[in-house]
A.B. asks: 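Following this message is one structure expressed as structure tokens.
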Amino acid sequence: MDTSYHVIGLMSGTSLDGLDIAHCRFTYKSHNWIYEILNTTTLTYTNELIDSLRDAETASGLELVELDHAFGRFMGQQVHEFVQQHGIRPDFVASHGHTIFHQPGKHISLQLGHGAYLAAHAQLPVVSDFRTLDIALGGQGAPLVPIGDALLFGKYDYCINLGGIANVSYSHNGKRLAFDTSACNMLLNTLANSVGKPYDNNGELARSGMLAPQLLEALNRPAYFLDPAPKSLGKEWILEHSLKSIEESAASVADKLHTVCHHIAQQLRQALPQLHEGQHHVLLTGGGAFNGYLVEQIQQQLGSKYNVEVPAPEVVSFKEALIFAFLGVLRWRGEHNCLSSVTGASRDNIGGAIYLF
Ligand SMILES: Nc1ncnc2c1ncn2[C@@H]1O[C@H](COP(=O)(O)OP(=O)(O)OP(=O)(O)O)[C@@H](O)[C@H]1O
Ligand SMILES: CC(=O)N[C@H]1[C@@H]2OC[C@@H](O2)[C@@H](O)[C@@H]1O[C@H](C)C(=O)O
């Protein structure tokens with residue numbers, strides 16, 4: 001008999017663009033997982049919430065705990081409204097939360113939005129806190145999406161996500177490998193914000209600029225890019241390296257945007273091995289897939305042996321929420337949802353705390 005699960009996946013991305021909600025169904029059929037995205041929305045955050053989440057890293061201990069509860073309550077209320085609005089009865093909610101600290105070298109990765117408050121306000125069971133067990137087992141606690149890439153998007157040779165940070169995942173000699181390749185929208189948005197835009201729509205400003213070779217060299221310089229995986233990036237590293245180089249450059253905003261797109265594309269080229277003869281299929285998701293100039297640069301850097309494919313907008317925008325819903329299903333079933341081949345943890349593990357309602 002087929003088994004299926006109705007799950008709400010929640011993702012609060014590093015770009016602070018809002019809370020992605022995806023109501024999904026997963027069916028296990030003939031040894032394969034099939035996904036369907038049934039209903040979606042992105043709730044943009046109020047300026048007050050954006051400021052709180054952005055400033056949380058310097059908040060007092062007490063303020064951080066209060067924000068953890070308040071954000072859990074906020075997500076719970078939003079899920080409750082979403083469920084009423086669509087007249088649905090999901091089995092549970094799976095929530096990533098919002099990353100405040102990510103310093104794997106210090107064994108720290110903190111996602112805010114407490115699962116207990118989320119469960120109490122959504123009035124549904126919740127799976128949350130997906131990263132801590134992997135961190136405790138010596139892993140990076142990131143990226144977690146690759147097991148979903150392997151089980152739901154296995155027809156692609158590579159899955160690239162262009163979010164606040166860009167990452168790639170692929171299978172090599174029977175093992176899933178994945179890592180963050182560079183900062184992405186976090187840099188592009190900071191530059192767009194400096195000229196009063198939320199983001200560089202379709203990369204038009206970047207397209208109008210010219211390459212700033214010194215900036216490109218500075219962006220590509222950090223040792224991280226040559227480090228072997230497992231590796232992952234946090235906001236802390238990006239501020240200290242990429243954003244610092246951007247600030248120190250005298251180039252115009254358009255030239256900086258142009259150059260950052262080249263940097264992102266070059267680091268992706270460096271990260272993608274040729275796995276076999278013939279054409280390679282590359283899935284591009286995350287909001288950066290709506291940046292036409294960036295997508296063109298990536299295709300150009302990778303060359304004609306790689307087909308860069310941008311899927312339906314729903315998959316571009318909600319793939320991470322979909323996969324966190326799926327990680328929740330694996331957790332619910334007591335099956336591995338985190339791969340040590342990706343994170344470097346001492347073993348594959350089953351991450352996530354469950355709050356039953
Ligand atoms: N039309 C567009 N043109 C250019 N960029 C766009 C467009 N639409 C969205 N974006 C970019 O995508 C971002 C949102 O992407 P996404 O939701 O994947 O980020 P995220 O979830 O914060 O990322 P992460 O995976 O790092 O957590 C926006 O902030 C913007 O930079
Ligand atoms: C600690 C953290 O929140 N990391 C995010 C971030 O955003 C993109 C990249 O950096 C990735 O490593 C990760 O998210 C995705 C969802 C992951 O874990 O696969």
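Just so you know, ligand 1 is whichever comes first in the structure, and atom 1 is the first atom listed for that ligand. Values below: every heavy atom of this structure, side chains too, minus hydrogens, waters and symmetry copies. We're numbering straight along the sequence, starting at 1.
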A.B. asks: Hey, is Glu240 close enough to Lys244 for a salt bridge, meaning N to O under 4.0 Å?
C.D. replies: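 The answer is no: the pair does not qualify as a salt bridge.
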A.B. asks: How far is atom 10 (O) of ligand 2 from its nearest protein heavy atom, and which residue and atom name does that atom have?
C.D. replies: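 So the nearest neighbour among protein heavy atoms is Ile165 CD1, 3.4 Å.
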A.B. asks: Among all protein non-hydrogen atoms, which one is nearest to atom 4 (C) of ligand 1, and what is the separation to 0.1 Å?
C.D. replies: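 Nearest protein contact, heavy atoms only, for atom 4 (C) of ligand 1 is Asp200 O, 3.2 Å.
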A.B. asks: As an exercise, identify every atom of ligand 1 less than 4.0 angstrom from a heavy atom of Ile165.
C.D. replies: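 Reading through ligand 1 atom by atom, the close ones are 26 (O).
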A.B. asks: For Gly286, take its heavy atoms, then give the atoms of ligand 1 lying under 4.0 Å from any of them.
C.D. replies: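 Matching atoms, with element in brackets: 18 (O).
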A.B. asks: What distance separates Leu216 CG from His258 NE2, expressed to the nearest 0.5 Å?
C.D. replies: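 The CG atom of Leu216 sits 9.5 Å away from the NE2 atom of His258.
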A.B. asks: Between His280 and Tyr170, is the ring centre distance below 6.0 Å?
C.D. replies: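 Not under 6.0 Å, so no.
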A.B. asks: Just checking Tyr117: does its OH atom have more than 12 heavy atoms from other residues, nucleotides or ligands closer to it than 6.0 angstrom?
C.D. replies: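 Atom OH in Tyr117 is not packed in, count stays at 12 or less.
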A.B. asks: For ligand 1, find out whether one of its N or O atoms is nearer than 3.5 Å to an N or O atom of Gly287.
C.D. replies: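 N/O-N/O distance under 3.5 Å: yes.
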A.B. asks: Any non-hydrogen side-chain atom of Leu64 less than 4.5 Å from a side-chain atom of Leu110?
C.D. replies: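 Leu64 vs Leu110: side chains touch.
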A.B. asks: Which protein heavy atom lies closest to atom 21 (O) of ligand 1, and at what distance to 0.1 Å?
C.D. replies: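 Answer, as residue, atom name and distance: Gly13 CA, 3.3 Å.
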A.B. asks: Taking both backbone and side-chain atoms of Gly164, is any N or O found less than 3.5 Å from an N or O belonging to ligand 1?
C.D. replies: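 N/O-N/O distance below 3.5 Å exists for this pair.
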A.B. asks: Using a 4.0 Å heavy-atom threshold (strictly under), name the region of Asn161 that reaches ligand 1: side chain, backbone, both or neither.
C.D. replies: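 The side chain, only.
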A.B. asks: Distance check, rounded to the nearest 0.5 Å: Ile323 atom CD1 versus Phe153 atom CZ?
C.D. replies: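 With rounding to 0.5 Å, CD1 (Ile323) is 5.5 Å from CZ (Phe153).
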A.B. asks: Given Phe324, which of Phe92, Phe318, Phe130 fulfils the ring pair (Phe, Tyr, Trp, His ring centres under 6.0 Å) condition?
C.D. replies: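 Single ring pair (Phe, Tyr, Trp, His ring centres under 6.0 Å) partner of Phe324 among Phe92, Phe318, Phe130: Phe130.
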A.B. asks: One residue to check: Ser232. Relative to ligand 2, which of side chain, backbone, both or neither has a non-hydrogen atom less than 4.0 Å away?
C.D. replies: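 None of Ser232 does.
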A.B. asks: Ligand 2 and Val145, any nitrogen or oxygen pair closer than 3.5 angstrom?
C.D. replies: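 By distance alone, the answer is yes.
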A.B. asks: Considering heavy atoms of the protein only, find what lies nearest to atom 19 (O) of ligand 1 and give residue, atom and distance to 0.1 Å.
C.D. replies: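 Scanning the protein heavy atoms, the shortest distance from atom 19 (O) of ligand 1 goes to Ser15 OG, 3.1 Å.
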A.B. asks: For atom 9 (C) of ligand 2, what's the nearest protein heavy-atom neighbour? Residue, atom name and distance, please.
C.D. replies: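 Among all protein heavy atoms, the one nearest atom 9 (C) of ligand 2 is Asp180 OD1, 3.4 Å.
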A.B. asks: Which pairs would a plain distance check flag for residues 206-213, meaning a side-chain donor or acceptor within less than 3.5 Å of a matching protein atom at least two apart in sequence or in another chain?
C.D. replies:
from: Arg207; atom 1: NH1; to: Glu296; atom 2: OE1; distance (Å): 3.2
from: Arg207; atom 1: NH1; to: Glu296; atom 2: OE2; distance (Å): 3.3
from: Arg207; atom 1: NH2; to: Glu296; atom 2: OE2; distance (Å): 2.8
from: Ser208; atom 1: OG; to: Leu205; atom 2: O; distance (Å): 2.7

A.B. asks: Considering the heavy atoms of His96, write down every atom of ligand 2 situated less than 4.0 Å from one of them.
C.D. replies: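 Taking each heavy atom of His96 in turn, ligand 2 has 3 (O) under 4.0 Å.
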A.B. asks: Given Asn189, Asp17, Asn185, which one has a non-hydrogen atom that is nearest to atom 29 (O) of ligand 1?
C.D. replies: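 Heavy atom nearest to atom 29 (O) of ligand 1 belongs to Asn189.
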A.B. asks: Could you check if a side-chain atom of Phe326 sits within less than 4.5 angstrom of a side-chain atom of Cys24, using non-hydrogen atoms only?
C.D. replies: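 A side-chain contact under 4.5 Å is absent here.
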A.B. asks: How close does the nearest protein non-hydrogen atom get to atom 5 (C) of ligand 2, and which residue and atom is it?
C.D. replies: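 That would be Arg131 NH2, 3.7 Å.
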A.B. asks: Taking NZ, NE, NH1 and NH2 as the nitrogens, is one of them in Glu57 or Lys235 under 4.0 Å from a carboxylate oxygen of the other?
C.D. replies: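 Counted as a salt bridge, because a side-chain N and a carboxylate O are separated by less than 4.0 Å.
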A.B. asks: For Arg347, is the CZ atom crowded, meaning more than 12 foreign heavy atoms sit under 6.0 Å from it?
C.D. replies: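 At most 12 heavy atoms, drawn from other residues, nucleotides or ligands, come within 6.0 Å of this atom.
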A.B. asks: Considering only heavy atoms, does Met186 approach ligand 1 within less than 4.0 Å through its side chain, its backbone, both, or neither?
C.D. replies: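 For Met186, there is no contact with ligand 1 at all, from either part.
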A.B. asks: Might you work through the side-chain contact (heavy atoms from CB on, under 4.5 Å) test for Asn220 and Gln266, ending with a clear yes or no?
C.D. replies: CA-CA 9 Å; Asn220 283 336; Gln266 287 185 2; 2.9 Å; yes
A.B. asks: Report yes or no: does a heavy atom of Leu188 sit under 4.0 Å from some atom of ligand 1?
C.D. replies: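 So Leu188 does not count as touching ligand 1.
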A.B. asks: Any non-hydrogen atom of Gln140 lying under 4.0 Å from ligand 2?
C.D. replies: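 It does not; every heavy atom stays at 4.0 Å or beyond.
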A.B. asks: Considering both backbone and side-chain atoms of Leu144, is one of its nitrogen or oxygen atoms within less than 3.5 Å of a nitrogen or oxygen in ligand 2?
C.D. replies: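 So ligand 2 has an N or O lying under 3.5 Å from an N or O of Leu144.
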A.B. asks: For atom 5 (N) of ligand 1, find the nearest protein heavy atom and state the residue, atom name and distance (0.1 Å precision).
C.D. replies: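 Nearest protein contact, heavy atoms only, for atom 5 (N) of ligand 1 is Tyr199 CD1, 3.7 Å.
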A.B. asks: Tell me whether the rings of His31 and Tyr28 are parallel (<30°), tilted (30 to 60°) or perpendicular (>60°).
C.D. replies: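 If you compare the ring of His31 with that of Tyr28, the planes turn out perpendicular.
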A.B. asks: Students often mix this up, so state it plainly: with edges at 30° and 60°, are the rings of His114 and His69 parallel, tilted or perpendicular?
C.D. replies: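 Judged by the thresholds at 30° and 60°, the geometry between His114 and His69 is perpendicular.
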A.B. asks: Using a 4.0 Å cutoff against the non-hydrogen atoms of Phe324, which atoms of ligand 2 qualify?
C.D. replies: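 Matching atoms, with element in brackets: 16 (C).
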A.B. asks: Among all the protein's non-hydrogen atoms, which is closest to atom 27 (O) of ligand 1, and how far away is it?
C.D. replies: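 Answer for atom 27 (O) of ligand 1: Thr14 N, 3.0 Å.
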A.B. asks: Nearest protein heavy-atom contact for atom 16 (C) of ligand 2: which residue, which atom, what distance?
C.D. replies: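 Going atom by atom, the protein heavy atom closest to atom 16 (C) of ligand 2 ends up being Glu320 OE2, 3.4 Å.
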A.B. asks: When you measure from atom 3 (N) of ligand 1 to each heavy atom in Asn291, Leu233, Asn202, which option holds the nearest one?
C.D. replies: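 Checking each option, the heavy atom nearest atom 3 (N) of ligand 1 is found in Asn202.
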A.B. asks: Counting only heavy atoms not in Glu277, do more than 12 sit closer than 6.0 Å to its CD atom?
C.D. replies: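 No.
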A.B. asks: Do Lys319's NZ or CZ and the ring of Tyr35 fall within the cation-pi criteria of under 6.0 Å and 45°?
C.D. replies: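 Negative - Lys319 is either too far from the ring of Tyr35 or too far off its axis.
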A.B. asks: State the atoms of ligand 1, each with its element, that fall below the 4.0 Å cut-off from a heavy-atom position in Gly163.
C.D. replies: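 In order of number, 18 (O), 19 (O), 23 (O), 24 (P), 25 (O), 26 (O).
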A.B. asks: Run the numbers for me: atoms of ligand 2, each under 4.0 Å from some heavy atom of His102, listed by number.
C.D. replies: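 This gives 1 (C) as the contact atoms.
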A.B. asks: Of the options Val79, Leu38, Asn39, which is the one that meets Ile8 in a side-chain contact (heavy atoms from CB on, under 4.5 Å)?
C.D. replies: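 The option that passes is Val79.
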A.B. asks: Give the residue, atom name and distance (to 0.1 Å) of the protein heavy atom nearest atom 3 (O) of ligand 2.
C.D. replies: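 Result for atom 3 (O) of ligand 2: Thr99 OG1, 2.5 Å.
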A.B. asks: Indicate yes or no: does an N/O atom of Asn201 lie under 3.5 Å from an N/O atom of ligand 1?
C.D. replies: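 It does: an N or O of Asn201 is found under 3.5 Å from an N or O of ligand 1.
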A.B. asks: Report, in ascending order of atom number, the atoms of ligand 2 lying under 4.0 Å from any heavy atom of Ala142.
C.D. replies: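 Heavy-atom distances to Ala142 below 4.0 Å select 12 (O).
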